[in-house]
Amino acid sequence: MRRWIAHLDMDAFFASVELLRYPELRGQPVVVGGGSRHPPLVQPDGTRRFARLRDYAGRGVATTATYEARAFGVHSGIGLMKAAALAPDAVLLPTDFDEYKRMSRLFKQAVLEHVAQIDDRGIDEIYFELTDLPGAQDAVGDDPHGGVRAIAARIQQAVQAATGLSCSIGLSPNKLLSKICSDLEKPRGLTVITEADIAARIWPLPAKRINGIGPKANAKLDSLGLRTIGDLAAADPQGLIERFGRSYGSWLTEAAHGRDDRPLSYSRDPKSISRETTFERDLHAKHDREELGALFTRLCERLADDLKRKGVVAKSVGVKLRQDDFRIVTRELTMDRYTADAAVIRRHAGLCLKRMPLERRFRLLGVRAGHLLAADQAAEMPAGQEEGQLALPF
DNA sequence: TCTGGGGTCCTAGGACCC
DNA sequence: TCTGGGGTCCTAGGACCC
């Protein structure tokens with residue numbers, strides 16, 4: 001019996017959700033990102049007026065772009081100011097995470113009508129197993145894998161019916177290959193591969209298409225002349241281990257040959273919850289003390305709200321800064337009890353802050369709660385009696 | 001037109017305990 | 001006083017992912 005793992009990825013998810021609301025934008029370059037200060041205005045004649053990328057000023061990035069905008073070179077993660085230089089007339093829409101989360105639940109529910117469990121990888125993608133479904137092992141006509149293909153096609157239709165959105169599915173014997181092949185025929189792709197197809201369909205692809213090879217590893221591979229997955233597969237495994245370490249080096253060889261035995265994971269307890277914000281301009285601990293103090297308190301309050309809403313308490317608290325040179329500095333401490341209280345979090349985060357280098361200006365401030373436990377399993381720490389007794393940087 | 005916000009996992013050194 | 005080895009926890013940084 002052949003093992004079939006599916007990877008389902010929503011097509012240009014955030015942008016597609018926005019197009020459901022604003023169908024008049026279909027066919028146009030649209031970029032989603034950059035805070036919420038640029039919602040469409042409804043004009044007296046009932047039509048909507050949208051912000052254009054050229055009018056944007058700030059530090060936001062694109063979270064998604066429609067395929068039309070991608071044609072200009074605008075992709076997710078790109079700075080909006082840079083995107084505006086590439087496509088000044090593209091429509092800019094604010095990010096509405098609540099709506100994307102709602103649509104995310106809808107598509108996952110639709111898939112769960114067809115399979116018992118999903119491995120949830122975030123807001124717009126999931127894995128699931130089709131191996132044991134009726135017909136999954138059957139050939140259809142001259143297609144030896146027509147059975148699973150038909151099942152996946154039905155799931156695609158179910159997602160479309162439930163959400164009005166399209167998705168792409170990759171089918172293969174493992175997560176690694178399915179993830180790669182869900183991307184091969186986007187949008188509305190349905191791509192099936194087996195071990196026999198690896199040389200022809202996987203090896204020609206750039207090495208960075210492997211989930212787990214990021215910018216750093218890719219640059220290092222590139223400097224070794226290893227550009228494609230095929231190059232990696234042909235490389236001396238011992239040499240990779242020498243350059244990348246035993247663990248990562250041997251994984252590179254396995255991945256390049258399409259070997260991956262990770263099980264699907266059907267439940268996950270959150271390990272940490274965090275809140276962070278990037279300022280409109282770089283701030284300094286001393287010169288902007290008041291502004292930072294208020295921001296810091298606000299972050300701790302929002303974090304405490306998140307903890308309470310999720311019914312968890314935290315044993316550790318951490319603070320993160322991104323300095324003006326983009327270096328990230330973190331400090332973390334373990335508390336003597338669990339808490340979800342904003343004042344307690346703020347006090348311990350303040351202690352972290354005192355240990356941080358604060359000479360430089362910085363652009364981002366974040367607070368993180370770790371070592372989480374379900375609230376009903378932990379006795380909560382009494383709330384901040386020591387408030388205000390410590391001289392904190394801000 | 002420099003680069004968001006929310007996560008996970010890994011590594012590695014030092015403290016501390018047996 | 002000195003010699004160990006093993007195990008766990010804490011902390012900081014970094015790579016990577018969506």
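Letters A, B, ... mirror the listed sequences (proteins, then strands); counts begin at 1.
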**Message:** On DNA chain B, compare the nucleotides closest to A:S247 and A:A84; which residue's is nearer the 5' end?
**Reply:** A:A84
Give each protein N/O atom lying under 3.5 Å from an N/O atom of nucleotides 8-15 of chain C, with the pair distance.
unit_1 : atom_1 : unit_2 : atom_2 : d
C:dT11 : OP2    : A:T334 : N      : 2.9
C:dT11 : OP2    : A:T334 : OG1    : 2.5
C:dA12 : OP1    : A:R355 : NH2    : 3.1
C:dA12 : OP2    : A:E332 : N      : 2.5
C:dA12 : OP2    : A:E332 : O      : 3.3
C:dG13 : OP2    : A:T330 : N      : 2.9
C:dG13 : OP2    : A:T330 : O      : 2.9
C:dG13 : OP2    : A:T330 : OG1    : 3.3
C:dG13 : OP2    : A:R331 : NH1    : 3.2

**Asked** Would you say the side chains of A:D9 and A:S168 form a donor-acceptor pair under 3.5 Å?
**Response** no
**Prompt:** Looking only at atom P, what distance separates C:dC18 and B:dT3, rounded to whole Å?
**Reply:** 23 Å
**Request:** Would you indicate what A:I210 reaches in the nucleic acid, counting non-hydrogen atoms under 4.0 angstrom: base, sugar-phosphate, or nothing?
**Result:** sugar-phosphate
**Prompt:** Can you name the residues that form a ring-ring contact (aromatic ring centres under 6.0 Å, His included) with A:H371, not counting sequence neighbours?
**Reply:** none
Can you give me every donor-acceptor pair (side chain of residues 232-246 of chain A, partner residue at least two apart or in another chain, under 3.5 Å) with its distance?
unit_1 : atom_1 : unit_2 : atom_2 : d
A:D236 : OD1    : A:Q238 : N      : 3.3
A:D236 : OD2    : A:G239 : N      : 3.0

Tell me which donor-acceptor pairs under 3.5 Å the side chains of residues 67-77 of chain A have, and how far apart each pair is, sequence neighbours excluded?
unit_1 : atom_1 : unit_2 : atom_2 : d
A:E68  : OE1    : A:T66  : OG1    : 3.4
A:R70  : NE     : A:A65  : O      : 2.8
A:R70  : NH2    : A:A65  : O      : 3.2

Shorter than 3.5 Å, N or O on both sides, protein versus nucleotides 16-18 of chain B: list them out with atom names.
none

**Request:** List for me each residue that meets ring-ring contact (aromatic ring centres under 6.0 Å, His included) alongside A:F326, sequence neighbours excluded, and say none if there are none.
**Result:** none
**Message:** Once pairs are restricted to Watson-Crick or G-U wobble with both distances under 3.5 Å, how does DNA chain C read as a dot-bracket string, [ ] for crossings and | for other-strand pairs?
**Reply:** ....||||||||||||||
**Prompt:** Mind telling me whether B:dT1 is syn or anti, cutoff 90° either side of 0?
**Reply:** syn
**Request:** Determine which pairs satisfy ring-ring contact (aromatic ring centres under 6.0 Å, His included) with at least one residue from residues 168-187 of chain A, sequence neighbours left out, and list them in order.
**Result:** none
**Item:** Residue pairs passing the side-chain hydrogen bond (donor to acceptor under 3.5 Å, both in side chains) test where at least one lies in residues 291-306 of chain A, sequence neighbours excluded
**Value:** A:R275-A:D306, A:R281-A:E291, A:T297-A:R346, A:R298-A:E301, A:D306-A:R309
Can you tabulate the close N/O pairs, meaning under 3.5 Å, that link protein atoms to atoms of nucleotides 4-7 of chain B?
unit_1 : atom_1 : unit_2 : atom_2 : d
B:dG4  : OP1    : A:R363 : NH1    : 2.6
B:dG5  : OP1    : A:T278 : N      : 3.1
B:dG5  : OP2    : A:T278 : N      : 3.0
B:dG5  : OP2    : A:T278 : OG1    : 2.4
B:dG6  : OP1    : A:R275 : NH1    : 3.4
B:dG6  : OP2    : A:E276 : N      : 2.5
B:dG6  : OP2    : A:E276 : O      : 3.2
B:dG7  : OP2    : A:S274 : N      : 2.6
B:dG7  : OP2    : A:S274 : O      : 3.4
B:dG7  : OP2    : A:S274 : OG     : 3.1

**Request:** Could you note down all residue pairs passing ring-ring contact (aromatic ring centres under 6.0 Å, His included) where residues 115-161 of chain A supplies at least one of them, sequence neighbours left out?
**Result:** A:W4-A:H145, A:H7-A:Y127
**Request:** May I ask you to list the residues of residues 166-185 of chain A, by number, that have any heavy atom positioned under 4.0 Å from an atom of DNA chain C?
**Result:** A:K179
**Asked** Do the non-hydrogen side-chain atoms of A:L184 and A:R209 ever get within less than 4.5 Å of each other?
**Response** yes
